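The block underneath contains the structure these notes are about, expressed in structure tokens.
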Amino acid sequence: MEAALFDMDGVLVDTQKYHVSIYQQIAKEEYNTILTEDIVIALGGVLKEEGAYIVAKALGIKPTKENCDKLYKIKNDRYKEIIREKKEELLNEGAVELLERLKSANVKMALCSASSNAKEIIKLTNIEHYFDAVVDLTKVKRGKPNPEIFLRGAIHLGVSPKDCVVYEDAKNGIKAAKDSGMYCVGYKTNLSYDSLSYGEVGADRVVNSLLDPLCYQGLYTSLYDNPKDCRVFAFDAGNVVINNIETIAQIIDDLNLTQKQADEFILEFNEYTAPLMDGNIKCEDFWKHLADTMNLKVEGEPFAKHFKPTLNQSMVTIIKTLRERGYRVVLASNTFAPHTKIMEEIGLFKLFDHTYLSNEINRYKPSPSFFRYIIQNENVEPSQIYFVDDLSDNIASAAKEGLKSLHYKNEDKNKRLKNAFNFLF
């Protein structure tokens with residue numbers, strides 16, 4: 001991941017309660033009405049017009065633009081008075097520490113808030129200098145759960161949505177983050193993917209404090225853990241210990257596929273990748289299926305024919321040194337069955353004390369069960385395992401299970417590798 005997008009109210013600052021309490025105060029004192037819990041939840045992350053509209057309807061006020069604007073102004077005038085009085089108390093514990101950690105690691109950051117007071121609040125709390133962009137209601141037409149605010153944040157930072165992490169506390173915001181294709185850290189919410197009922201949208205991981213290492217651990221290429229106190233070192237194979245692993249382009253050429261056939265092949269391959277990796281489908285059955293559905297003549301085993309890996313000598317040196325120093329070193333990799341023999345022939349397996357191959361253990365990354373299987377079989381605490389991989393989804397999943405990690409990717413990967421393992425040399 002390259003960028004962090006922060007909701008403000010309820011995440012960085014503890015202000016959402018003031019929005020709600022003021023509306024509740026207005027409802028009780030001026031309309032003798034109690035706002036229900038459903039109304040309170042619906043107010044999370046919405047634009048000012050939407051919030052005023054929701055409250056107006058709840059109060060039995062005709063929700064015209066004039067009435068909503070008047071209601072919002074009453075609420076916002078009181079809100080501004082409170083935040084100026086409480087400015088020293090607004091920041092949530094750990095907010096500055098998290099922002100500072102990400103800034104120091106050159107992670108791009110944007111504030112994505114539906115609040116009309118966003119710029120004023122980050123100035124009051126002295127955190128405005130952390131943000132490369134601010135996306136507030138002046139830059140969006142639709143509030144959360146619409147994903148517009150986060151997509152605009154990614155555009156302002158010049159990064160792809162898939163390379164963004166969103167920090168959110170509200171159901172509307174979490175849905176907006178996931179609908180935008182971004183990874184989501186839920187702050188003080190029970191909406192995680194591990195505890196969802198059918199049809200709900202939840203955060204990828206949940207933290208109860210911004211000081212929790214899971215706020216950043218395993219999420220950013222530029223941030224990696226210190227392997228101090230680790231007893232087991234687990235390495236991915238492809239693009240980590242071995243290079244030259246790509247076979248799809250060569251298979252397409254070898255089968256002499258047209259562009260239309262190539263597109264169909266890739267769709268079929270993507271659909272079957274997971275069951276091929278966890279060994280639930282044999283490769284020969286996949287090729288038979290492909291030959292039947294696409295009317296192709298498939299000879300031999302294409303996955304094996306075009307798989308010509310080479311050892312990454314920098315990584316080999318580290319693995320050998322770790323074992324010489326008495327550490328346990330294991331291979332933890334997604335694999336296809338035809339690749340196993342070839343990897344053995346180039347001497348990959350003998351580098352390790354043990355191998356955890358997805359097609360043999362019937363689990364594949366980034367499934368949590370893959371990492372839980374290793375934790376159980378190695379019989380150590382998760383924090384005593386150091387995991388090296390090139391894919392952010394795998395790193396994030398490992399970190400969520402408590403493993404320390406190094407994201408081995410991008411142009412400075414070898415520099416980060418050297419820094420992480422400098423205790424060996």
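Keep in mind that the numbers below use all heavy atoms, side chains included, and drop hydrogens, waters and symmetry copies. All values reported here derive from a predicted model rather than from experimental measurement.
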* Asked: Any side-chain heavy atom of Leu351 within less than 4.5 Å of one from Val329?
  -> no
* **Any side-chain heavy-atom pair of Ser333 and Tyr356 under 4.5 Å** => no
* Asked: Is it true that Arg152 and Glu148 make a salt bridge, defined as a side-chain N closer than 4.0 Å to a carboxylate O?
  -> yes
* To do: Give a yes/no verdict on a cation-pi contact between Lys413 and Tyr408, requiring under 6.0 Å between NZ or CZ and the six-membered ring centre and an angle within 45° of the axis.
  => yes
* Asked: Does the cation-pi check pass for Arg328 over Phe233, that is, NZ or CZ under 6.0 Å from the six-membered ring centre and within 45° of its axis?
  -> no
* Just how far is it from atom NZ of Lys65 to atom OH of Tyr72, taken to the nearest 0.5 Å? -> 12.5 Å
* Asked: Do any N or O atoms from the side chain of Asn377 and from the backbone of Tyr373 form a donor-acceptor pair under 3.5 angstrom?
  -> yes
* Are any non-hydrogen side-chain atoms of Leu90 and Asp14 less than 4.5 angstrom apart? -> no
* Calculate, to the nearest 0.5 Å, the distance between atoms NE2 and CG belonging to His339 and Leu357 respectively. => 12.0 Å
* To do: May I ask you to check whether over 12 heavy atoms, not counting those of Glu89, lie within 6.0 Å of atom CD?
  => yes
* Could you tell me whether Arg78 atom CZ has more than 12 heavy atoms of other residues or ligands within 6.0 Å of it? => yes
* Could you check if a side-chain atom of Pro382 sits within less than 4.5 angstrom of a side-chain atom of Glu401, using non-hydrogen atoms only? => no
* May I ask you to decide if Ala105's main-chain N or O and Ser222's side chain share a donor-acceptor pair within less than 3.5 Å? => yes
* Asked: Heavy-atom distance under 4.5 Å between the side chains of Phe131 and Phe6, does that happen here?
  -> yes
* **ring-ring contact (aromatic ring centres under 6.0 Å, His included) between Tyr272 and Phe286, intermediate numbers included** => CA-CA 8 Å; Tyr272 278 84; Phe286 168 74; 5.5 Å; yes
* Do other residues, nucleotides or ligands put more than 12 heavy atoms under 6.0 Å from Lys139 NZ? -> yes
* To do: May I ask you to check whether Tyr364 and Phe370 place their ring centres under 6.0 Å from each other?
  => no
* Are the side chain of Arg231 and the backbone of Tyr327 linked by a donor-acceptor contact shorter than 3.5 Å? -> no
* Asked: Any sub-3.5 Å donor-acceptor pair from Asn270's side-chain atoms to Ile266's backbone N or O?
  -> yes
* Asked: Which atoms form the tightest heavy-atom contact between Val135 and Gly153, and what is the distance?
  -> CG2-CA, 3.8 Å
* **Pair Glu2-Lys162, salt bridge (charged side-chain N to carboxylate O under 4.0 Å, His left out): steps then yes or no** => CA-CA 9 Å; Glu2 299 176 19; Lys162 67 180 177 60; over 6 Å; no
* **Any side-chain heavy-atom pair of Glu66 and Asp69 under 4.5 Å** => no
* Heavy-atom side-chain contact between Ile346 and Leu311 under 4.5 Å -> yes
* Structure fact -> Note: Ile342 and Ala304 closest approach over all heavy atoms is CD1-O, 3.4 Å
* Checking Ser367 side chain against Arg363 main chain: does a donor-acceptor pair fall under 3.5 Å? -> no
* To do: Write down the atom of Ala398, the atom of Phe387, and the distance for their closest heavy-atom approach.
  => CB-CD2, 3.6 Å
* Asked: Given Leu102 and Leu223, is the side-chain contact (heavy atoms from CB on, under 4.5 Å) satisfied, shown in steps?
  -> CA-CA 8 Å; Leu102 297 184; Leu223 276 171; 3.7 Å; yes
* Quick one: does Thr33's side chain have a donor or acceptor within less than 3.5 Å of a partner on Tyr31's backbone? -> yes
* Quick one: pull up SG in Cys230 and CG in Asp225 and give me the separation to the nearest 0.5 Å. => 8.0 Å
* Check ion pair Asp132-Lys103 (N to O, under 4.0 angstrom) -> yes
* Would you find more than 12 non-hydrogen atoms of other residues, nucleotides or ligands less than 6.0 Å from Gln25 atom CD? -> yes
* Asked: Counting N and O atoms only, with roles assigned by atom type, does the side chain of Glu168 sit under 3.5 Å from a partner on the main chain of Ala170, one being a donor and the other an acceptor?
  -> yes
* Verify ring-ring contact (aromatic ring centres under 6.0 Å, His included) between Tyr386 and Phe421, making sure each step is shown before the conclusion. => CA-CA 11 Å; Tyr386 196 78; Phe421 289 95; 5.8 Å; yes
* Asked: Has the side chain of Asp389 got a donor or acceptor atom that lies under 3.5 Å from a matching backbone atom of Asn394?
  -> no
* Sub-3.5 Å donor-acceptor pair from the side chain of Lys144 to the main-chain atoms of Ala176, do we have one? -> no
* **Centroid-centroid distance, Phe352 to His354, less than 6.0 Å** => no
* **For Lys178, all residues meeting salt bridge (charged side-chain N to carboxylate O under 4.0 Å, His left out), sequence neighbours excluded** => Asp204
* Below 4.0 angstrom, N of the basic side chain to O of the carboxylate: do Glu128 and Lys119 qualify? -> no
* Flag the pair Asn244 / Pro309 as yes when at least one side-chain heavy-atom distance between them is below 4.5 Å, and no otherwise. => no
* Within the side chain of Asn92, is there an N or O that forms a donor-acceptor pair under 3.5 Å with the backbone of Val11? -> yes
* Does Glu200 come within less than 4.0 Å of Lys175, counting only side-chain N to carboxylate O? -> no
* Asked: Do NZ/NE/NH1/NH2 and the carboxylate oxygens of Lys365 and Asp393 come within less than 4.0 Å?
  -> no
* Does CD belonging to Glu345 count more than 12 external heavy atoms closer than 6.0 Å? -> yes
* To do: Please name the pair of heavy atoms, one in Val13 and one in Leu91, separated by the smallest distance, quoted to 0.1 Å.
  => CG1-CD2, 3.9 Å
* Asked: Out of curiosity, Leu99 CG to Leu111 CG, how far, rounded to the nearest 0.5 Å?
  -> 9.5 Å
* **Salt-bridge criterion met for Lys404 and Asp229 (N-O under 4.0 Å)** => no
* Do other residues, nucleotides or ligands put more than 12 heavy atoms under 6.0 Å from Lys171 NZ? -> no
